[in-house]
Amino acid sequence: MTRPFTFPGLATRVVFGHGTLAQVPEEVARLGHSRALVLSTPQQEAQAQALAAALGARAAGVFAGATMHTPVEVTDTAVAAYAAMRADCVVSLGGGSTTGLGKAIATRTGADQVVVPTTYAGSEMTDILGETAGGEKTTRRDASIRPEVVVYDVDLTLTLPVGLTVTSALNAIAHAMEGFYAPDRHPITEALSRDAMTAFARALPVLVKNPTDAAARADALYAAWGCSTTLGHVTMALHHKLAHVLGGSFGLPHAETHAVLLPHTTAYNEGAVDGLLTPIRDSFGHGTAAKGLWHFAKACAAPLRLADLGLTEADLDRATDIATRNPYANPRPVTRDGIRHLLQNAYDGECP
Ligand code: NAD
């Protein structure tokens, strides 16, 4: 039965293809800008410099200091560079960390953003920004955070290491998983997420064996776009809350933490959502969405145990306390016992 829904519209222009990096100067000009600050991590600085060279007179400079969790001190330095270079927009080339810095600059200065994602983390289509100050990570949503243009260039993902390929794809799948049962879901996110599950299920096993398979890279990046669009248009629940707690309060790595939690958060909610996770079950097999995702992660050599990410068994009680302190909407009620049990399973890495 088709449910009533409200569709907010898609606010971000998307260019998708091979070699589309060459279109960035044209996209900057299309926005009416002439002095782009190109952002990257130190690891991707050479690519950022090459892009600045391609932008020519439309480049104001490069800031290659983006880092995980968007610390406000880095943002302050980048905003000062943005002003000193008299930049009028940002071009973020990289994964979620670089996109996060671009968003942080945009929400402070009003800068337009062109994002060139090179992982599957899925932050580019969203109005969500997580920032760290004084060791604490806070997340907020605001229209000023959403990028104006996203340029997906499949060729840039050919160098993505296999490990990050798998974990950032599972991070993307987590957006779709929670999107399937989000109270504000609508046919666009449902259709994109369904398609993304099929594409990831097909592409990842190929990429684990051959990371430069161009067709599989295109499928995976297309799937990441669908998952990111879902994250950017609906409300997330338990899975994202737990990932935030483990990343923010225990310093666990972002993509790996999402990857380990995913089968267990899926198992927690699957029985309470009346078949809404069927597209995941159908894409990954093994009888339930949770089991399918666990076997898929294992087959792709993803990390399976929180114990392997640096969490200790003694942390589980405190993580449970933090995760259950403030109430939030979730299909199945969030109880202390339920979350403690979930975290123990994720710590041990058993199939849910
Ligand atoms: P990342 O951006 O931290 O990248 C990890 C490393 O891989 C970096 O050194 C980067 O330079 C390198 N790298 C990226 N692409 C590469 C490529 N194609 N080839 C070679 N190296 C490459 O990792 P991530 O998982 O993309 O992003 C994680 C961050 O994104 C977290 O801080 C998380 O909070 C944020 N995030 C935000 C949202 C949102 O909507 N706000 C959504 C998802 C993730």
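Nothing here was measured: the structure is a model prediction, and the numbers come from that model. Each ligand, and each atom within it, is numbered from 1 in the order the structure gives.
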Open item on the list: Under 4.0 Å from a heavy atom of Ile128: which atoms of ligand 1 are those, numbered in the order shown and with their elements?
Closed with: 39 (C), 40 (O), 41 (N)
Task: Proximal atoms of ligand 1 relative to Lys103 (non-hydrogen, under 4.0 Å) - done: 39 (C), 40 (O), 41 (N)
- [ ] May I ask you to test the Pro117-Thr99 pair for a side-chain heavy-atom distance under 4.5 Å?
- [x] no
Open item on the list: Within the structure provided, determine whether Ser34 and Asp88 are in side-chain contact (heavy-atom separation under 4.5 Å).
Closed with: yes
Task: Contact partition for Leu164 relative to ligand 1, non-hydrogen atoms under 4.0 Å - done: side chain
TODO: Can you pull out the closest protein heavy atom to atom 22 (C) of ligand 1? Residue, atom name and distance to 0.1 Å, please.
DONE: Gln44 NE2, 3.7 Å
Open item on the list: Any salt bridge linking Arg194 with Asp282? Criterion: basic side-chain nitrogen under 4.0 Å from a carboxylate oxygen.
Closed with: no
Open item on the list: For Thr126, which part has a heavy atom under 4.0 Å from ligand 1: side chain, backbone, both, or neither?
Closed with: side chain
Task: atom 23 (O) of ligand 1: the protein heavy-atom neighbour that sits closest, reported with distance to 0.1 Å - done: Gly96 N, 4.2 Å
Open item on the list: For the 3.5 Å polar cut-off, considering only N or O atoms, please tell me whether Thr41 and ligand 1 meet it.
Closed with: yes
- [ ] Measure the distance from atom 3 (O) of ligand 1 to every protein heavy atom, then report the residue, atom name and distance (to 0.1 Å) of the closest one.
- [x] Ser97 OG, 2.6 Å
- [ ] Answer yes if the ring centres of His175 and His240 are under 6.0 angstrom apart, and no otherwise.
- [x] yes
- [ ] Kindly indicate whether the side chain of Arg336, heavy atoms from C-beta on, has any atom under 4.5 Å from the side chain of Asp321.
- [x] yes
TODO: Check the hydrophobic clustering (I, L, V, M, F, W, Y; side-chain heavy atoms under 4.5 Å; chains of links allowed) and say if Leu311 and Tyr268 are grouped together.
DONE: yes
TODO: Considering the heavy atoms of Thr159, write down every atom of ligand 1 situated less than 4.0 Å from one of them.
DONE: 17 (C), 18 (N), 19 (N), 20 (C)
TODO: Please work out which of the three classes, parallel, tilted or perpendicular, describes the rings of Phe5 and His186, given edges at 30° and 60°.
DONE: tilted
Open item on the list: Test of understanding: given a 4.0 Å heavy-atom threshold, classify the contact between Leu160 and ligand 1 as side chain, backbone, both, or neither.
Closed with: both
- [ ] Name the closest protein heavy atom to atom 32 (O) of ligand 1, giving the residue it belongs to and the distance to 0.1 Å.
- [x] His69 N, 3.4 Å
Task: atom 9 (O) of ligand 1: the protein heavy-atom neighbour that sits closest, reported with distance to 0.1 Å - done: Gln43 OE1, 3.2 Å
Task: Residues Asp308, Arg305; criterion salt bridge (Lys or Arg N to Asp or Glu O under 4.0 Å); working and verdict - done: CA-CA 5 Å; Asp308 293 338; Arg305 296 158 17 107; 3.1 Å; yes
Task: Leu156 and ligand 1 - part of the residue with a heavy-atom distance under 4.0 Å - done: backbone
Open item on the list: Any side-chain to backbone donor/acceptor pair from Thr335 onto Gly338? Under 3.5 Å, distance only.
Closed with: yes
- [ ] Give the single entry among Leu93, Thr167, Thr119 that approaches atom 26 (O) of ligand 1 most closely by any heavy atom.
- [x] Thr119
- [ ] Provide, to 0.1 Å, the distance between atom 44 (C) of ligand 1 and the closest protein heavy atom, together with that atom's residue and name.
- [x] His254 NE2, 3.4 Å
TODO: Give the atoms of ligand 1, by number and element, whose distance to some non-hydrogen atom of Leu231 is under 4.0 Å.
DONE: 40 (O), 42 (C)
- [ ] Identify the protein heavy atom lying closest to atom 42 (C) of ligand 1, giving its residue, its atom name and the separation to 0.1 Å.
- [x] Ser123 CB, 3.3 Å
Task: Steps toward salt bridge (Lys or Arg N to Asp or Glu O under 4.0 Å) verdict (Glu131, Arg140) - done: CA-CA 9 Å; Glu131 297 185 281; Arg140 62 197 159 104; 3.0 Å; yes
Open item on the list: Suppose I only count heavy atoms of Gly95 and a 4.0 Å limit; which atoms of ligand 1 are within that range?
Closed with: 2 (O), 26 (O)
Open item on the list: Check for me whether Lys137 has a heavy atom closer than 4.0 Å to any atom of ligand 1.
Closed with: yes
- [ ] Could you grab the distance from atom CD1 of Ile173 to atom CG of Asn171, nearest 0.5 Å is fine?
- [x] 10.0 Å
TODO: Report the nearest protein non-hydrogen atom to atom 15 (N) of ligand 1: residue, atom name, distance rounded to 0.1 Å.
DONE: Thr118 OG1, 2.7 Å
- [ ] Can you label the angle between the Tyr152 ring and the Phe16 ring as parallel, tilted or perpendicular, going by 30° and 60°?
- [x] tilted
